[in-house]
Structure formats: C-alpha cells, structure tokens
Amino acid sequence: MVFTEPTGIRQRNFKVRDYHLAATLDSGQAFRWNPQGTTWTGVIGHRWVRLTPTGAFILAESSSEPGDWHWLEEYLQTRVDLDFVLQQLPSDPVLQQALRTHRGLRLLRQDPWECLASFILSSTKQITQIKQIVERLCRRYGVPVRTPAREAVIHAFPGPDRLATLSEPDLRALGMGFRAPYLLEAARRVAAGRLDFDQLRQVSLDEARAVLMDLPGVGRKIADCVLLFALGFNQAFPVDVWVLRALRSAWFQNRPVPLSQVVRFAESHFGAQGGYAQQYLFHHMRTQPAVQRFGSLT
DNA sequence: GTCCAGGTTCACG
DNA sequence: CGTGAACATGGA
C-alpha cells in the first residue's frame, strides 16, 4: 500500500515481528536519529525518513521517491528472523537477562562509509558528543536533503570524495581534535578507491578486519563496529569500555583480565551471532541502573 | 574544577 | 609482548 500525501510525503507500513525500534535506533549503532515521542526522524543515504512503530507495523515516511523501499528493509533488517539469530547465542544467565529486557533490539545494516567515519569520530567521546560532531559535519559539508514542508532542514552525511578535498584544519575547526587526520586519511583512501567496501564483503572476517585496521586511528574496536554495523559480519564483537565492564563483571568475576584476553574470549565464546550479544550487552549496560543490570547476580 | 567518554598510538621495560 | 601516558574536546 503506497500513497502520497498532499505534502509530498510517501508512506508505507512494514509488518514486523519482534522489532524494538527505539532500542534499535538509540543503542549507539547510528548517530543521526532523533525521537519525538515514539516517532524517529533521520536520514538514510540521501533520503529524509520518519519512522513510527504502531503495534505489528512500522510506519515509514520518506520525502524522496522511495521506489520499492528495499533500501529501508535492508537498513532496518526487518526480514531477519530474530528468534533464529538469538537461539544461536549461549545460554549464559547474564546474556539471557539482557536479551529478555531489550527483546526486539536489532542490528542495523548501515552505509559503510558513514559507519566508518562516525566511529573514527567516536573514540573517547560520549554518545551525545558523537552525535553533535557528526551533525556538525553533516551541516557543514553534507548536501541538503529533500524535506517535507515545515520540517527542519537536514543534510546527508558527506561522502568520502567531499571530505577528501578538505584539510586537517578544516576538520579540526569542527571540534574533532586528534581524530581529524584519521578521518581525512580514511576519506582519501576511500575516495581514491584504495579502500573498497564491496571488496571487503567478499573476503574473510580476519582479512576485512586487517584492511580496516590498516587505517590510522582504526584499531580492533572501531574495525569491528564497521564489520558488524555495516558489512554484515555478525561474528564481529566490538569491545568498548562498557562491554569490557560487562564481560569482566559477569564472565571473569571482576578480575582485571587484560583487554586482549577478553576480546579473544568474546569472539570465540559468543559464536557466529556474537555481534547481537554484544549489542544487547552494550545497550543493557547503558540503560539499566547498575544494581539491577544482571538481576540478582551482582 | 574534576572526571571521563562506544580508543588508538607510541614509548617504554 | 604487556603496560601506561598522550591525544582534543566538552558533557555531566
């Protein structure tokens, strides 16, 4: 069912099962979604998008010609059978607690360039600050996106070709500090075709990770974020400070285990769909008061 | 004013 | 190879 409103907005209802839109869009995977009540507004590619969960559906609105809407199903991963995925995860009580609490949280499938650039900017930044700096970058260097009447102007994420023309001072002027040269080099490498995301999808996890980690400012954690949130490597398990805390606390009895050992453990222990486990644990750590995070276990 | 943030790099021992 | 400090900036 597709129809057009007088304002030029195209709408479509997507039937979904087990889809927690708020948790998905607000769990630190993507940084450009803003809530107004239960409605979320953002940009996917060059399209303004508004999403509203309504029972068994997600109402999607776009101001640009949406075509068959496949781009949105791909982004939201609405076709993924969540039960099939989650049943592959270990039965550890702590993990199961997080799965129950945030049932319906999904991994998105984002644009690799936007994902890489955003996470280069994420290092030692709070999520609110990451959103701010990404927004500043889009407003300054992204092209305006077609928006419905009365809606605020919004910009697409600037492509690598655009950022590659800038200088380090240009980027530092946006307040990204020591991350500026990292972002610039990434943009240049992608713009020049020396980093090809389509190629990364064809190789093994280890090979793709090595290519990403060859970028300055991209270590294991940021590489795993891109592998998981954009390239479809569901085994990738980014370990940041929050997930590190969760793992040390629940799987290592709070012993000061080295980060490298925790990382090694995580990827083998959580298996082929470990990335989903990681995202549930991360969101759980960030949303639950410390005392009730893991039920009676801590 | 202090502490810390979805880390990475580099210089040590 | 494991550890610790430096790196910019600003929110809480």
Side-chain angles (χ1 to χ4, degrees), chain A residues 23-34 98 102 105-108 110 112 114-137 140 166-186 189 195 209-231 233-234 236-249 252 255-267 270 274-290 293:
Chain A
T24 301
L25 298 182
D26 200 27
S27 59
Q29 305 179 60
F31 302 103
R32 301 206 61 202
W33 291 100
N34 291 307
H102 309 285
L105 168 59
R106 307 293 187 115
L107 289 176
L108 299 170
Q110 303 179 55
E114 178 172 343
C115 186
L116 171 63
S118 299
F119 278 98
I120 284 175
L121 297 176
S122 76
S123 68
T124 52
K125 280 266 182 211
Q126 300 175 165
I127 288 184
T128 54
Q129 292 187 71
I130 302 168
K131 287 181 178 172
Q132 289 174 13
I133 189 66
V134 166
E135 214 45 50
R136 229 173 293 153
L137 182 66
R140 182 69 180 78
L166 303 178
S167 68
E168 185 180 321
D170 290 336
L171 291 175
R172 279 189 187 262
L174 298 176
M176 61 181 71
F178 62 83
R179 305 159 193 84
Y182 299 155
L183 179 59
L184 188 55
E185 172 59 20
R189 211 173 284 192
L195 172 53
R209 178 186 286 137
V211 170
L212 290 170
M213 288 179 65
D214 186 56
L215 288 163
V218 177
R220 171 68 181 244
K221 189 269 171 183
I222 291 177
D224 279 3
C225 285
V226 177
L227 293 168
L228 182 63
F229 301 144
L231 296 176
F233 288 94
N234 286 11
F237 195 106
V239 179
D240 75 307
V241 287
W242 292 95
V243 172
L244 181 62
R245 263 173 227 157
L247 292 176
R248 274 188 180 146
S249 159
F252 292 92
R255 284 181 288 117
V257 187
L259 170 63
S260 56
Q261 190 181 323
V262 173
V263 169
R264 212 176 321 123
F265 161 79
E267 197 169 82
F270 293 97
Y276 275 89
Q278 179 277 155
Q279 197 59 22
Y280 276 86
L281 288 173
F282 176 78
H283 191 59
H284 197 59
M285 292 293 289
R286 293 196 42 83
T287 55
Q288 303 300 301
R293 258 177 216 151

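Quick note: numbers below take in every heavy atom, side chains included, and nothing from hydrogens, waters or symmetry partners. So you know, we letter chains A, B, ... as the sequences are listed, proteins then strands, and number each from 1.
At whole-Å resolution of the value, CD1 in Ile133(A) and C1' in dC7(C) are 15 Å apart. A straight line from CZ of Arg220(A) to P of dC1(C) spans 16 Å, rounded to a whole angstrom. Atoms CG (Leu171(A)) and P (dA8(C)) sit 14 Å apart, rounded to a whole Å. Leu121(A) places its CG atom 14 Å from the P atom of dG10(C), with the value rounded to the nearest Å. Going from atom CZ of Phe282(A) over to atom C1' of dG7(B) covers 13 Å, rounded to whole Å. Rounded to an integer number of Å, the gap from Ile120(A) CD1 to dA8(C) C1' is 16 Å. The distance between atom CG of Leu183(A) and atom C1' of dT9(C), rounded to the nearest whole Å, is 16 Å. The separation between Met213(A) atom CE and dT9(B) atom C1' is 11 Å, rounded to whole Å.
Here Phe119(A) and Phe31(A) bring their ring centres to under 6.0 angstrom of each other. Ring centers of Tyr276(A) and Phe270(A): at least 6.0 Å apart, outside the cut-off.
Side-chain contact between Arg248(A) and Arg255(A): absent, with no pair of heavy atoms (C-beta onward) separated by less than 4.5 Å. At least one side-chain heavy atom of Gln29(A) sits less than 4.5 Å from a side-chain heavy atom of Thr24(A). By the 4.5 Å heavy-atom criterion applied to side chains, Leu116(A) and Leu215(A) are counted as neighbours. In this structure the side chain of Phe282(A) never reaches within 4.5 angstrom of the side chain of Pro238(A), judged on heavy atoms. With a 4.5 Å cut-off on side-chain heavy atoms, Arg209(A) and Val218(A) do not count as touching.
Using P as the reference atom, dA6(C) and dG13(B) are 15 Å apart when rounded to the nearest Å. If you take atom P in dC1(C) and the same atom in dG7(B), they sit 25 Å apart, rounded to whole Å. For dT8(B) and dG11(C), the P atoms lie 23 Å apart once the distance is rounded to whole Å. Comparing the P positions of dG10(C) and dT9(B) gives an interatomic distance of 23 Å, to the nearest angstrom.
A salt bridge does not link Glu135(A) to Lys131(A): none of the charged nitrogens lies less than 4.0 Å from a carboxylate oxygen. No salt bridge links Asp170(A) with Arg140(A); every basic N to acidic carboxylate O contact stays at or beyond 4.0 Å.
Residue-level contact check: Val239(A) touches neither bases nor backbone, having no heavy atom under 4.0 Å from any strand. Note on Gln261(A): nothing from the nucleic acid sits closer than 4.0 angstrom, heavy atoms only. Nucleic acid contact class of Gly28(A) (heavy atoms, under 4.0 Å, all strands): base. When heavy atoms are screened at a 4.0 angstrom cut-off, Leu215(A) is found touching the sugar-phosphate backbone but no base atom. Looking at heavy-atom distances under 4.0 Å, Ser27(A) makes contact with a base.
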Give every pair of a protein N or O atom and an N or O atom of nucleotides 2-5 of chain B that lie under 3.5 Å apart, one pair per line with the distance.
residue, atom, partner, partner atom, Å
dA5(B), OP1, Arg245(A), NH2, 2.7
dA5(B), O3', Lys125(A), O, 2.8
dA5(B), O3', Gln126(A), N, 3.1
dA5(B), N3, Thr124(A), O, 3.2

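For the pair Pro216(A) and Gln278(A), nearest-nucleotide mapping onto DNA chain B gives the more 5' position to Gln278(A). When each of Ser122(A) and Tyr182(A) is assigned the nucleotide of DNA chain B with its nearest heavy atom, Ser122(A) is the one assigned upstream, toward the 5' end. When the nearest nucleotides of DNA chain C are assigned to Gln132(A) and Pro258(A) by heavy-atom distance, the more 5′-ward of the two goes with Pro258(A).
The side chain of Phe178(A) sits closest to dA8(C) out of dT9(B), dA8(C), dA12(C). Among the nucleotides dA8(C), dG7(B), dT3(C), the one closest to the side chain of Ile222(A) is dG7(B).
Taking a pair as Watson-Crick or G-U wobble with both distances under 3.5 Å, the runs of three or more consecutive pairs in DNA chain C are B:2-5 with C:9-12, B:7-12 with C:2-7.
The shortest non-hydrogen separation linking Leu108(A) to Ala30(A) is CD1-CB, 4.0 Å.
By the neighbour-count criterion of 12 heavy atoms within 6.0 Å, atom CZ of Arg286(A) is densely surrounded, having more than that number from other residues, nucleotides or ligands.
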